[in-house]
*Asks:* 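Handing you a structure now.
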Amino acid sequence: MSQRFMILDGSSLLFRAFYALPLLTSPTGEYTNAVVGFSNMLQKMIAEYKPDCMVVAFDKSRHTFRTEMFADYKGNRDKAPEEFSAQVPLLREFLEGWGIPFLEMDNYEADDIIGTLSKRAEEAGGYEVLIVTGDRDALQLVSKDVNVLYTRKGISDIVRYDEAAFKEKYGFEPIRLIDLKGLMGDSSDNIPGVPGVGEKTATKLLLQFGFLEDVYAHIDEVSGKKLKEKLTENQAQAELSKKLATIERNAPVEFTPEEYAITPDHERFFAFCDKYGMRSARQGFEKLYPAQGTLLLELGTEETEQKHKAARIAGRNEAEVFADKLRKASVPAFCGVYEGKVPHLKLRALGLSTGDENAVVESGSEAWDILYPLLEDASLHWVTIDLKSFYHVGGSREAHVEDVQLAAYLADPSIGTADVEQLRSIWLPSAPAISADEDETEKAAEGAGIVSKLWPVIFEKLKGYDMEKLYNDMEKPLVAVLAEMEENGIYVNRDRLSAQAEAVGKKLLDLEQEIYTLAKHPFNINSPKQLGEVLFDELGLPAQKKTKTGYSTNAEVLNSLRYVHPIVEKILEYRLWMKLKSTYLDSIGELIDSETKRVHTTFNQMVTATGRLSSSDPNLQNIPVRKEEGRIIREFFEPGEGYDYLLSADYSQIELRILAHLSQDKNFVNAFTHDEDIHARTASEVFGVPMEDVTSELRRRAKAVNFGIVYGISDYGLSQDLGISRKDAAGYIKSYFEKCPGVKSFIDGTVSEAHEKGYVTTLFGRRRDLPQIHSKNFTQRSLAERMAMNTPIQGTAADIIKLAMAAAYRAIKDAGLKSRILLQVHDELVIETTEEELSKVQEILRGAMEKIVSLSVPLPIDIHYGKNWAEAK
DNA sequence: ATTATCACG
DNA sequence: ACGTACGTGATAATC
């Protein structure tokens with residue numbers, strides 16, 4: 001019987017945990033998130049693998065034998081953030097209490113300690129070694145007796161690598177990982193490798209020849225002249241890279257297995273947890289090491305597993321029994337298993353849960369006919385995840401169904417669209433994770449169980465934040481509106497679209513030839529790297545900006561070089577058409593539904609940090625409009641069969657009007673109340689000229705300042721935008737604030753409130769946490785401060801149009817019109833309508849959009865309509 | 001998986 | 001002195 005010896009890479013796991021969890025703090029203000037995450041992972045490891053002995057290895061200092069060999073080793077690493085470093089000593093304290101030995105050594109990395117200990121254990125025999133790490137390099141240690149548990153993402157997604165699993169993934173045995181690194185390098189450790197050789201080429205070479213040395217021994221057999229050259233030129237560098245990637249397995253560290261037992265010190269550990277407010281760590285520890293004399297009322301493991309195993313219900317009788325339980329459940333929950341795409345989405349199965357008991361029911365079974373109707377039963381109050389999909393498959397809008405995902409997003413928008421497992425790990429970290437190796441329907445059942453438990457916790461939080469109304473009256477009603485918009489889709493004239501795609505394709509071929517001639521040879525124009533080499537190395541144009549990987553070739557740079565060389569203009573033109581063809585013409589064509597002839601975008605309600613919607617597959621919120629060449633794309637969006645016009649209704653200056661309302665600045669409120677040109681008025685104030693003397697240039701500058709204010713102004717940003725000096729920009733801002741003191745005090749007030757509370761809110765109570773506002777790092781803190789200025793404005797605008805959408809939707813429906821909302825583009829709604837309904841629909845939109853809230857300034861909309869989206873602007 | 005670029009509000 | 005405009009998504013290239 002072999003001993004199971006677990007070795008943890010403390011440094012890498014702590015780092016993973018740090019980035020996986022939000023910055024939690026103890027009651028006394030110390031950061032604890034990394035330790036909390038480490039603790040969760042440790043508990044899981046011990047519970048699952050029950051190791052006989054354990055050691056945690058740490059990196060000690062940056063200076064190691066590797067930096068002796070190569071000074072730049074890991075030279076590209078930023079210093080770890082203060083919030084992280086402060087937790088390293090905390091983890092030691094934690095391990096001391098838990099009774100787990102740890103090791104660190106001068107001149108060696110944690111990897112080398114792990115490599116050495118695992119080798120000694122192999123030599124001694126009788127050990128099964130499990131290495132837990134978030135560092136891929138350790139995979140080279142995998143052998144018959146040594147496996148690696150690698151944290152793929154965050155800390156909960158762990159994969160076990162044994163010899164077979166490694167071979168499956170890489171195609172060769174583990175030790176050759178160092179040869180791979182020798183060839184391809186490792187950007188995260190700043191290991192150079194052979195430039196131009198990536199994973200693909202490196203793997204090919206190793207499979208063909210064996211080890212790195214074999215590649216060089218057979219260098220003549222390498223195919224490709226370029227590749228051979230690169231390999232020969234960089235042989236020394238490849239060999240050094242291999243050495244750097246090789247874990248030292250004979251480090252001067254003693255192997256003393258008798259000292260590696262876990263010896264929990266309850267008192268010490270509890271004191272630690274209490275001091276740092278780590279309740280779940282304490283609970284988990286207690287579960288693993290029950291104090292003597294405490295009576296255990298826990299369920300046996302077998303029984304626990306039984307509990308999570310979902311019953312598959314097919315027959316009528318079982319269904320009746322489970323239906324009864326659901327009716328009595330305090331939080332009945334379901335998770336749908338969907339297949340297909342909107343507007344053809346189908347419900348294949350349901351995971352159901354009473355909170356205590358989970359079940360699966362498949363569509364088409366006898367049980368389905370008994371259980372599905374419960375979802376429409378108004379006496380049940382259901383919870384699900386992804387309510388929009390439920391609506392897509394015909395779920396009743398009248399049914400009482402909550403969406404945990406939506407509630408969780410509102411409580412913390414930074415998590416975005418979190419799946420059940422993510423929500424569990426955030427909100428119920430001590431509950432068992434969803435089993436990984438079940439089929440989709442079983443996961444749905446288990447998911448339903450979790451959803452049932454999540455809802456009370458998350459909704460309670462929402463109530464604590466005073467966000468119930470936001471959820472009930474704004475976001476939840478919007479779900480049905482978005483579902484319908486997605487199902488509606490928008491008609492795209494496929495013939496005109498593909499004709500244009502073809503024409504643009506020809507144009508691109510011509511441009512390509514002209515560019516090759518001017519460059520004197522063909523190259524990949526789409527590659528910024530190759531383009532940079534052609535422009536700046538070969539043609540000798542003056543390089544001005546650099547990116548971290550080479551020369552910058554963006555539009556700003558190219559524009560400034562327009563008249564230096566004729567190739568530049570051609571490249572700009574090539575870029576313009578290439579963008580239009582690949583992003584719009586080709587890909588939208590592919591997304592036209594063959595049955596409906598329309599494109600059905602997805603409106604994501606749980607993505608942005610500010611409360612805006614986003615659109616994807618395809619993104620219909622970024623269809624070109626500013627440039628003539630791009631605007632053509634809009635011509636292909638037309639009213640579909642049975643409709644005559646596309647109509648667009650957009651808010652005029654909504655963000656600046658919100659700024660006026662929130663700040664109560666006299667100038668702004670006045671200007672908007674009298675419907676003045678706000679940018680001209682700003683110019684007049686800031687530059688001290690009468691309104692009639694405001695030139696278009698002055699207006700342009702004032703407009704830039706107004707935008708700057710909305711984004712969270714900085715003199716640097718404004719100077720970049722206007723192409724003026726930072727000093728001048730600072731001067732503009734100064735006189736702006738003198739003339740608009742209301743705006744100034746609003747911004748100052750918002751930022752200082754963010755510092756005090758750690759979050760900001762919109763007019764309707766939407767919340768955004770800004771943990772970085774306390775950062776000691778200037779850049780991060782400044783970013784958070786700009787977010788603090790921008791979020792209440794952008795977020796309030798998002799709130800308003802969301803309310804307006806639901807109101808317009810309702811009003812159109814109540815009026816019995818066939819007109820319908822197709823798209824939302826942040827401050828604009830696109831509607832499909834008919835000749836007869838044209839005036840009625842305009843009236844409804846004005847009522848819904850302009851009257852939905854009453855601010856200190858009016859909120860007028862502009863309406864345009866036409867035979868396509870380009871005309872409706 | 002990340003980076004550079006560019007489309008929108 | 002630090003070193004940035006706010007919010008998104010898609011594509012192609014490169015790692």
Side-chain angles (χ1 to χ4, degrees), chain A residues 152-153 184-188 193 195-202 413 416 524-532 545-558 572 575-576 578-584 586-588 591 601-602 604 607-627 629-631 633-634 650-651 653-655 704-705 707-722 726 729 733 768 776-795 797-798 801 823-828:
Chain A
R152 199 160 29 184
K153 235 174 61 187
M184 66 179 279
D186 182 343
S187 54
S188 69
V197 173
E199 185 170 358
K200 280 257 160 68
T201 315
N524 186 348
I525 310 168
N526 294 319
S527 157
K529 187 160 166 271
Q530 295 183 34
L531 179 61
K545 263 205 313 195
K546 284 209 139 192
T547 65
K548 62 177 88 169
T549 53
Y551 302 112
S552 169
T553 66
N554 67 20
E556 193 196 339
V557 171
L558 295 186
L572 281 164
R575 281 247 178 99
L576 171 72
M578 191 64 192
K579 177 79 181 175
L580 292 180
K581 184 163 193 298
S582 64
T583 308
Y584 299 104
D586 291 345
S587 59
I588 289 179
L591 288 165
T601 184
T602 302
N604 310 299
V607 166
T608 70
T610 56
R612 274 188 174 180
L613 299 178
S614 85
S615 154
S616 55
D617 306 294
N619 181 354
L620 294 183
Q621 288 180 323
N622 72 344
I623 303 300
V625 67
R626 293 175 194 166
K627 285 199 277 243
E629 297 91 333
R631 197 151 53 222
I633 309 277
R634 294 199 172 210
D650 68 297
Y651 279 112
Q653 308 284 10
I654 187 167
E655 293 194 341
V705 183
F707 271 104
I709 296 288
V710 170
Y711 290 155
I713 197 135
S714 73
D715 50 11
Y716 179 86
L718 183 63
S719 73
Q720 289 294 299
D721 189 47
L722 280 176
R726 211 164 120 170
I733 296 169
R768 180 180 189 183
K776 289 203 292 191
N777 177 311
F778 173 88
T779 309
Q780 295 199 347
R781 189 179 62 248
S782 303
L783 179 62
E785 286 171 350
R786 291 196 296 273
M787 289 172 178
M789 303 178 213
N790 172 263
T791 300
I793 300 172
Q794 189 183 118
I801 195 161
L823 304 176
Q824 186 252 44
V825 193
H826 310 307
D827 64 354
E828 170 192 9

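Just so we're on the same page: letters track the sequence lines, and every chain starts at 1. Side-chain atoms are counted along with the backbone in the values below, which use heavy atoms only and exclude waters and symmetry mates.
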*Asks:* Quick one: label A:Thr791 by what it contacts on the DNA or RNA (base, sugar-phosphate, nothing), any heavy atom closer than 4.0 Å.
*Replies:*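 Since no nucleic acid heavy atom lies under 4.0 Å of A:Thr791, the category is nothing.
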*Asks:* Record whether the side chain of A:Arg786 comes under 3.5 Å of the base of C:dT4 through a donor-acceptor pair of N or O atoms.
*Replies:*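 Donor-acceptor pair under 3.5 Å: yes.
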*Asks:* Can you tell me the pairing partner of B:dT2 across any strand shown, Watson-Crick or G-U wobble, with both distances under 3.5 angstrom?
*Replies:*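 Base partner found: C:dA13.
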*Asks:* Please report the distance separating the P of C:dA5 from the corresponding atom of B:dT3, rounded so that it comes out in whole Å.
*Replies:*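 It works out to 15 Å between them.
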*Asks:* Answer with base, sugar-phosphate or nothing: what part of the nucleic acid does A:Asn619 contact at a heavy-atom distance below 4.0 Å?
*Replies:*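 If one applies the 4.0 Å heavy-atom cut-off, A:Asn619 turns out to touch the sugar-phosphate alone, with no base involved.
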*Asks:* Could you pull out the closest heavy-atom pair between A:Ser714 and A:Gly717, with the gap in Å?
*Replies:*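 Residues A:Ser714 and A:Gly717, closest heavy atoms: OG-N, 3.0 Å.
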*Asks:* Output the rounded distance in Å from CG (A:Leu620) to C1' (B:dG9).
*Replies:*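 The distance from CG of A:Leu620 to C1' of B:dG9 comes to 14 Å, rounded to the nearest Å.
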*Asks:* Looking at the side chain of A:Arg575, which of B:dG9, B:dC6, C:dA5 is the nearest nucleotide?
*Replies:*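 From the listed options, B:dC6 comes nearest.
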*Asks:* If each of A:Ser782 and A:His826 is mapped to the nucleotide of DNA chain C with the nearest heavy atom, which maps nearer the 5' terminus, i.e. the 5' end?
*Replies:*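 Final value for this comparison: A:Ser782.
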*Asks:* Could you state the CD-C1' distance from A:Glu556 to B:dA7, rounded to the nearest angstrom?
*Replies:*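 Those two atoms, CD and C1', are 17 Å apart.
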*Asks:* C:dG3, C:dC6, C:dG9: which one has an atom nearest the side-chain heavy atoms of A:Arg726?
*Replies:*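 Ranking C:dG3, C:dC6, C:dG9 by closest atom to the A:Arg726 side chain puts C:dG3 first.
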*Asks:* Using the side-chain heavy atoms of A:Tyr584, tell me which of these nucleotides is nearest: B:dG9, C:dA5, B:dA7.
*Replies:*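 That would be B:dA7.
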*Asks:* Rounded to whole angstroms, how far apart are CG on A:Leu576 and C1' on C:dA12?
*Replies:*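 After rounding, the gap between these two atoms is 17 Å.
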*Asks:* Is it the case that B:dG9 (base atoms only) and A:Arg626 (side chain only) share a donor and an acceptor within less than 3.5 Å, ignoring hydrogens and angles?
*Replies:*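 Looking at the base of B:dG9, it does pair with a donor or acceptor on the side chain of A:Arg626 (distance under 3.5 Å).
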*Asks:* On the nucleotide C:dG9, are OP1 or OP2 found under 4.0 Å from the side-chain N or O atoms that A:Ser614 carries?
*Replies:*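 Affirmative; the distance criterion is met.
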*Asks:* Taking pairing as Watson-Crick or G-U wobble with both contacts under 3.5 Å, can you name the mate of C:dC2, or confirm there isn't one?
*Replies:*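 Partner of C:dC2: none.
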*Asks:* Which part of the nucleic acid does A:Ala555 contact within heavy-atom distance under 4.0 Å: base, sugar-phosphate only, or nothing?
*Replies:*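 Sugar-phosphate, backbone atoms only, no base.
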*Asks:* For A:Lys529 and C:dA13, is the shortest distance between a side-chain N/O and OP1 or OP2 below 4.0 Å?
*Replies:*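 False: A:Lys529 side-chain N/O out of range (4.0 Å or more) of C:dA13 OP1/OP2.
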*Asks:* Mind calculating the distance between NZ (A:Lys579) and C1' (B:dA4) to the nearest angstrom?
*Replies:*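 Answer to the nearest Å: 11 Å.
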*Asks:* Compare the minimum distances between each of C:dG9, C:dC2, B:dC8 and the side chain of A:Arg634, then state the nucleotide with the smallest one.
*Replies:*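 The nucleotide sitting nearest to the side chain is B:dC8.
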*Asks:* I want to check one thing: is the phosphate of C:dG3, taken as OP1 and OP2, less than 4.0 Å away from some side-chain N or O of A:Arg781?
*Replies:*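 A:Arg781 to C:dG3 OP1/OP2: no side-chain N or O under 4.0 Å.
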*Asks:* Remember a base hit wins even if backbone is also touched, and classify A:Ala797 as base, sugar-phosphate or nothing at under 4.0 Å, heavy atoms.
*Replies:*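 Here A:Ala797 touches no strand at all.
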*Asks:* How is A:Ile623 classified with respect to the nucleic acid when contacts are heavy atoms under 4.0 Å: base, sugar-phosphate, or nothing?
*Replies:*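 Result for A:Ile623 = sugar-phosphate.
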*Asks:* Would you tell me whether A:Thr547 and A:Ser552 have side-chain atoms, one donor and one acceptor, within less than 3.5 Å of each other?
*Replies:*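 Distance-only check fails for A:Thr547 and A:Ser552.
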*Asks:* Roughly, in whole Å, what's the span from CG in A:Asn790 to C1' in C:dG7?
*Replies:*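 Whole-Å distance recorded here is 7 Å.
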*Asks:* Quick one: NZ on A:Lys581 to CE on A:Met578, what's the gap to the nearest 0.5 Å?
*Replies:*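 Taking NZ in A:Lys581 and CE in A:Met578, the distance rounds to 7.0 Å.
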*Asks:* Any base atoms under 4.0 Å from A:Ala704, or only sugar-phosphate, or nothing? Heavy atoms, all strands.
*Replies:*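 The residue A:Ala704 makes base contact.
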*Asks:* How many Å lie between CG on A:Leu823 and P on B:dC8, as a whole number?
*Replies:*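 A:Leu823 atom CG is separated from B:dC8 atom P by 15 Å.
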*Asks:* What distance do A:His826 atom NE2 and A:Ser614 atom OG have between them, rounded to the nearest 0.5 Å?
*Replies:*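 Here the interatomic distance stands at 8.0 Å.
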*Asks:* Could you give the distance separating B:dA4 and C:dT4 at their P atoms, to the nearest angstrom?
*Replies:*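 Each nucleotide's P atom is 13 Å from the other's.
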*Asks:* Please report, rounded to the nearest Å, how far the P atom of C:dT4 is from the CE atom of A:Met789.
*Replies:*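 Rounding to the nearest Å, CE of A:Met789 and P of C:dT4 are 16 Å apart.
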*Asks:* Could you measure between the two P atoms, the one in C:dG3 and the one in B:dA7, and give it in whole Å?
*Replies:*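 Rounded to whole Å, the distance is 29 Å.
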*Asks:* What pair of heavy atoms forms the shortest contact from A:Ile623 to A:Arg634, and how long is it?
*Replies:*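 For A:Ile623 versus A:Arg634, the nearest heavy atoms are O-NH2, 2.8 Å.
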*Asks:* Could you state the CD1-P distance from A:Ile654 to B:dC8, rounded to the nearest angstrom?
*Replies:*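 In whole Å, B:dC8 P and A:Ile654 CD1 are 20 Å from each other.
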*Asks:* Reckon A:Asn524 touches a base, only the sugar-phosphate, or nothing at all at heavy-atom distances under 4.0 Å?
*Replies:*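 Sugar-phosphate, no base atom in range.
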*Asks:* Would you compute the distance between atom CD of A:Gln794 and atom CZ of A:Arg768 and round it to the nearest 0.5 angstrom?
*Replies:*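 Here the interatomic distance stands at 8.5 Å.
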*Asks:* Considering only side-chain heavy atoms of A:Asn554, which listed nucleotide, C:dT8, C:dA12, B:dC6, is closest?
*Replies:*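 Of all the options, the side chain of A:Asn554 is nearest to B:dC6.
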*Asks:* Please pick, from C:dT11, C:dT4, B:dC8, the nucleotide with the shortest atom-to-atom distance to any side-chain atom of A:Asn622.
*Replies:*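 Ranking C:dT11, C:dT4, B:dC8 by closest atom to the A:Asn622 side chain puts B:dC8 first.
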*Asks:* Check the phosphate of B:dA4 against A:Thr547, side-chain N and O only, distance under 4.0 Å to OP1 or OP2. Yes or no?
*Replies:*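 Result: yes.
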*Asks:* Between A:Asn619 and A:Thr601, does any side-chain donor sit less than 3.5 Å from a side-chain acceptor?
*Replies:*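 No, because no side-chain N or O of A:Asn619 sits under 3.5 Å from a partner of the opposite role on A:Thr601.
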*Asks:* Record whether the side chain of A:Asn526 comes under 3.5 Å of the base of C:dA12 through a donor-acceptor pair of N or O atoms.
*Replies:*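 When only heavy-atom distances are counted, A:Asn526 does not reach the base of C:dA12 through any donor-acceptor pair under 3.5 Å.
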*Asks:* Out of B:dC6, B:dA4, C:dA10, which has the shortest distance to the side chain of A:Pro528?
*Replies:*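 The answer is B:dA4, which lies nearest to the side chain.
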*Asks:* For a quick test of reading the model: is some side-chain N or O of A:Arg612 closer than 4.0 Å to OP1 or OP2 of B:dG9?
*Replies:*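 False: A:Arg612 side-chain N/O out of range (4.0 Å or more) of B:dG9 OP1/OP2.
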*Asks:* Do A:Glu655 and A:Arg612 meet the salt-bridge criterion of a basic N to acidic O distance under 4.0 Å?
*Replies:*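 Counted as a salt bridge, because a side-chain N and a carboxylate O are separated by less than 4.0 Å.
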*Asks:* Quick one: label A:Ser714 by what it contacts on the DNA or RNA (base, sugar-phosphate, nothing), any heavy atom closer than 4.0 Å.
*Replies:*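 Counting heavy atoms under 4.0 Å across all strands, the contact made by A:Ser714 includes a base.
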*Asks:* Just how far is it from atom CG of A:Leu620 to atom CD1 of A:Ile588, taken to the nearest 0.5 Å?
*Replies:*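 Reported value, rounded in 0.5 Å steps: 6.0 Å.
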*Asks:* Which is true for A:Phe707 with a 4.0 Å heavy-atom rule: it touches a base, it touches only sugar-phosphate, or it touches nothing?
*Replies:*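 No contact.
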*Asks:* Tell me whether the side-chain N or O atoms of A:Asp721 pair up with the base of C:dA5 as donor and acceptor below 3.5 Å, since no angle test is needed here.
*Replies:*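 Pair found.
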*Asks:* C:dT14, OP1 or OP2 - any side-chain N/O from A:Ser527 closer than 4.0 Å?
*Replies:*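 Looking at the OP1 and OP2 atoms of C:dT14, one of them is under 4.0 Å from a side-chain N or O of A:Ser527.
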*Asks:* Could you tell me whether A:Val625 contacts a base, only the sugar-phosphate backbone, or nothing, with contacts defined as non-hydrogen atoms closer than 4.0 Å?
*Replies:*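 Touches sugar-phosphate only.
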